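Heavy atoms only: backbone and side chains are in, while hydrogens, waters and symmetry mates are out. Please read these numbers as outputs of a predicted model, since none were measured by experiment.
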Amino acid sequence: MSLFTRSRQLPDAEGGAGPDGDHRDDTSVADGARGDGDTAAEAGEGAGSGGEAETAGDEAEGASVGAEDTADAEVTADPEHGADAEDSADAAGSGDEAEEAPGSPDSPAPPGWFGWRRRYPRAARGVAVGTSVLAGAVVLGVLLVPNRLERVNVEAFLRLPVEAILLAVVLLALPPRPRKVVAVVSGVFLGLFATLKFLDMGFYQFLARPFDLVFDWILLNDATDFLRESFGRSGQVLAVVGVIVLFAAVLALSTLAVMRLTNVMSRHRPAAVRTTLVLGTVWVTCFTLGVQAGGVTIATKGNSEFLANRLQNVYNGLGDAKVFEKEAGVDAFGDTPPDQLLTGLRGKDVLFTFIESYGRVALDDPEMAPEMDATLKEGTSSLKAAGFASRSGWLKSPVAGAGSWLAHSTFLSGLWVKNQQRYRSLTTGDRETLTSYFQKAGAWRTVGIVPGVRKAWPEGKYFGLDNIYDSEHLGYHGPYFSWTPVPDQFSMEAFQRLEHGKKNRDPIMAEIILASSHSPWSPVAHMIDWEDLGDGSVFHQVKKEGTNPTEVWKDPKRVRTEYRKAVEYSLHSVIEWLQRYGDDNTVLVFLGDHQPVPTVTRNSANKDVPITIVARDPKVLDRVSGWGWTDGLKPADNAPTWGMDQFRDRFMTAYAK
């Protein structure tokens with residue numbers, strides 16, 4: 001029989017036992033048996049009112065090392081601590097009473113887990129310890145996990161974050177009630193911090209950049225539209241609900257984790273203080289000496305720097321509208337009379353053709369370069385045989401992975417349109433674009449071939465297009481190829497049928513967007529006889545012969561292969577169309593709008609895209625002879641690289657006289 005059992009049998013006059021046998025003098029029991037696990041269990045049963053509990057909690061924080069068990073028992077009675085009853089059971093696990101409890105009729109089971117902890121004290125203690133360890137892992141995991149998937153490795157978790165040490169110092173210094181508030185706020189903040197890192201992972205994976213806290217919220221709506229178009233309304237709803245539930249779970253888990261660790265530190269304050277002091281000393285030493293493990297700096301303050309950079313980006317973003325408005329107000333050709341615009345191209349059909357995701361990686365990557373070289377050399381030779389010459393260079397796109405409309409508007413407006421706010425400001429303003437200048441000159445009919453557009457596109461009027469042919473107006477009755485509504489070869493043939501092939505027409509300026517090279521690049525259409533295109537029904541069989549995107553995206557190497565095939569298909573569509581329908585008055589400018597997703601670029605930060613001008617009239621290329629571009633369809637590695645926003649003014653200057 002334990003000391004705890006004997007104390008319960010003392011008469012009221014000596015020990016203060018109540019009618020149910022519970023001992024009322026917790027202090028005397030603690031004095032008689034410091035360090036005994038039964039003391040903690042008895043204290044859990046003998047807790048007083050809320051005011052007494054708060055006093056007990058304060059006393060627990062000021063207790064010495066020698067009275068730590070007594071302090072723990074008193075804190076257990078503090079209703080502010082969420083896991084106090086659990087720790088009472090932990091303490092009880094070392095006493096004899098705990099082991100006799102299941103068969104003792106005079107000792108009622110304590111509350112919590114329906115008495116399970118009293119019946120299975122060792123298991124309960126294991127759960128308590130495991131919960132604390134899990135809470136620590138959650139907090140450290142959020143602080144240490146990188147915001148880019150390719151950087152998630154074992155070395156990333158071998159660091160010591162200063163933010164965790166500082167948070168521990170703050171929580172240990174605060175009194176009970178403020179400590180609880182700070183713990184909850186810190187937990188919520190940690191959950192939001194984790195969410196931001198998850199968003200960054202997704203954006204880096206598809207857009208090669210982090211999530212913008214000012215401008216990117218609208219892209220989440222675009223993402224839901226993509227889900228609806230790809231998986232239907234039910235798939236969209238399930239995905240959105242899943243994201244909301246996951247977000248709530250992250251917030252709840254991080255908050256509970258911080259509160260759990262706070263309670264543990266409060267109950268074991270002396271040990272927590274010593275541990276925090278040691279970790280702080282280790283961090284300062286490692287930071288001062290630059291200690292590393294596996295090439296990773298041990299002492300890190302990366303989270304603080306990360307947040308500081310994001311706050312600076314938010315500040316810059318909030319003031320970006322005024323900066324962009326000022327830039328848009330400067331136009332070198334704004335006062336040029338219409339009859340003096342683009343005089344060097346009068347009488348020519350000018351085609352600005354964007355090839356989706358046609359980036360530098362297609363020409364530089366060792367896995368793709370040989371086939372791409374062969375395609376471009378063959379195209380250069382076949383066009384030369386048809387009387388066409390070509391020159392190529394590089395442009396730097398404002399985006400990568402996606403965001404084609406930002407690249408298109410940058411190219412056409414002569415402004416760096418890097419986010420959705422700038423795009424909206426541009427398309428609701430009066431800034432002239434390359435295409436609208438053709439319209440303003442009055443010497444061209446301006447048209448848009450935009451097969452990727454599947455709903456109203458009011459911005460088309462801003463870009464100065466007299467007529468727009470979207471996916472519903474090209475006469476296509478074949479299947480989609482993944483995201484692509486219309487294969488490129490059919491789009492080019494439709495342009496010929498609807499506009500370019502008409503007799504007695506005015507010169508045409510066309511903006512053509514070829515979407516077959518848009519991700520996910522599976523299945524990919526292939527070239528067929530132009531005479532067999534018809535209404536596009538023939539592509540049903542072509543699609544059956546293609547690859548399965550689910551299988552392709554399991555292997556990055558296969559993804560790069562299918563990407564290369566898609567770009568080759570787009571290039572063949574343009575080159576063969578020019579051979580078939582081009583003449584002395586045809587001027588073709590084709591370019592990539594941005595680099596593909598990081599899966600293809602191997603996470604390269606390069607944003608270069610190729611651009612080529614093709615014409616049969618030598619006078620057209622003579623006007624750009626000073627640009628330093630490379631002869632042929634492939635730009636040299638050292639060919640000039642301009643920002644995509646510089647092209648408009650350079651082009652208009654070259655053809656101004």
Side-chain angles (χ1 to χ4, degrees), residues 348-360 362-363 371-393 395 404 407-408 411 447-452 469 474 476 481 484 486-501 508-518 521 524-530 533 539 563-583 585-594 596 609-616 620-621 629-635:
K348 306 291 186 183
D349 293 321
V350 184
L351 284 57
F352 296 103
T353 304
F354 294 93
I355 298 178
E356 181 72 37
S357 301
Y358 177 33
R360 186 164 191 153
L363 309 183
E371 291 84 356
M372 289 297 302
D373 282 349
T375 296
L376 294 175
K377 286 180 180 178
E378 179 185 353
T380 299
S381 298
S382 61
L383 288 175
K384 185 177 181 179
F388 290 94
S390 55
R391 288 185 182 169
S392 302
L395 298 179
S404 301
H408 300 170
F411 179 83
V447 299
I449 306 296
V450 288
Y469 298 94
L474 293 175
Y476 180 69
F481 281 78
T484 308
V486 184
D488 290 347
Q489 185 183 9
F490 190 94
S491 295
M492 296 303 300
E493 179 65 19
F495 169 63
Q496 177 65 22
R497 169 171 41 86
L498 296 169
E499 290 287 347
H500 189 265
I508 296 172
M509 187 239 72
E511 178 188 357
I512 303 174
I513 301 176
L514 300 182
S516 289
S517 49
H518 189 289
W521 309 301
V524 180
H526 60 73
M527 298 298 294
I528 62 175
D529 193 302
W530 290 81
L533 286 173
F539 283 102
Y563 162 76
R564 188 254 305 161
K565 291 179 179 179
V567 172
E568 287 181 318
Y569 171 70
S570 297
L571 289 170
H572 281 303
S573 298
V574 173
I575 293 169
E576 290 190 19
W577 180 91
L578 190 58
Q579 288 178 275
R580 185 178 177 86
Y581 299 115
D583 55 32
N585 290 323
T586 304
V587 178
L588 171 66
V589 180
F590 70 89
L591 67 151
D593 51 8
H594 55 71
V609 297
I611 181 169
T612 300
I613 298 179
V614 187
R616 184 178 285 174
V620 173
L621 293 183
W629 286 17
T630 308
D631 289 337
L633 301 183
K634 179 186 177 182

- [ ] Answer with yes or no after comparing the ring centroid distance for Phe411 and Phe354 against a 6.0 Å cut-off, counting only values under it.
- [x] yes
Open item on the list: If I take atom CG from residue Leu578 and atom CZ from residue Arg616, how far apart are they, to the nearest 0.5 angstrom?
Closed with: 8.0 Å
Task: Minimum side-chain heavy-atom gap Ser491-Ile512 below 4.5 Å - done: no
TODO: Of all the heavy-atom pairs spanning Phe490 and Phe539, show the shortest one and how long it is.
DONE: CB-CE1, 4.3 Å
TODO: Any chance you could measure Lys565, atom NZ, to Ser570, atom OG, to the nearest 0.5 Å?
DONE: 14.5 Å
TODO: Over all heavy atoms of both residues, which pair between Gly379 and Ser382 is shortest? Give the atoms and the distance, please.
DONE: O-OG, 3.0 Å
Open item on the list: When you compare the side chain of Pro451 with that of Tyr469, does any pair of heavy atoms fall below 4.5 Å?
Closed with: no
- [ ] Indicate yes or no: at least one non-hydrogen side-chain atom of Val587 is less than 4.5 angstrom from one of Val614.
- [x] no
Task: Considering all heavy atoms, the nearest Ser390-Leu621 contact - done: N-CD1, 3.8 Å
- [ ] Answer yes if the side chains of His518 and Ser357 hold a donor-acceptor pair under 3.5 Å, and no otherwise.
- [x] no
Task: Minimum heavy-atom distance between Thr630 and Lys634, given as atom pair plus value - done: CG2-O, 3.7 Å
- [ ] Could you tell me whether the side chain of Val589 reaches within less than 4.5 Å of the side chain of Thr353, counting heavy atoms only?
- [x] no
Task: Contacts of Asp583 that satisfy salt bridge (charged side-chain N to carboxylate O under 4.0 Å, His left out) - sequence neighbours left out - done: none
Open item on the list: Could you tell me if Ser516 and Asp488 have a donor-acceptor pair between their side chains, going purely by distance under 3.5 Å?
Closed with: yes
Task: Close side-chain approach of Leu588 to Ile613, heavy-atom, < 4.5 Å - done: no
Open item on the list: Testing the basics here: between Ala510 and Phe495, what is the closest heavy-atom pair and its distance to 0.1 Å?
Closed with: CB-CE1, 3.7 Å
- [ ] With sequence neighbours excluded, tell me which residues meet side-chain hydrogen bond (donor to acceptor under 3.5 Å, both in side chains) with Glu493.
- [x] Tyr581
Task: Side-chain touch Met527/Tyr569, heavy atoms, less than 4.5 angstrom - done: yes
TODO: Mind checking the OG-CZ spacing from Ser392 to Phe590? Nearest 0.5 Å is all I need.
DONE: 6.0 Å
Task: Considering all heavy atoms, the nearest Leu571-Met372 contact - done: CD1-CE, 3.7 Å
Open item on the list: Would you say that Leu591 contacts Tyr358 through its side chain, given a criterion of any heavy-atom pair below 4.5 Å between the two side chains?
Closed with: no
Open item on the list: Do Asp593 and Ile355 have side chains that approach each other closer than 4.5 Å (heavy atoms only, starting at C-beta)?
Closed with: no
- [ ] Using the salt bridge (Lys or Arg N to Asp or Glu O under 4.0 Å) rule, collect all pairs that involve residues 349-360, keeping only residues at least two apart or in two chains.
- [x] Asp349-Arg505, Arg360-Asp364, Arg360-Asp608
Open item on the list: Check for me whether the distance between the ring centres of His500 and Trp577 falls short of 6.0 Å.
Closed with: yes
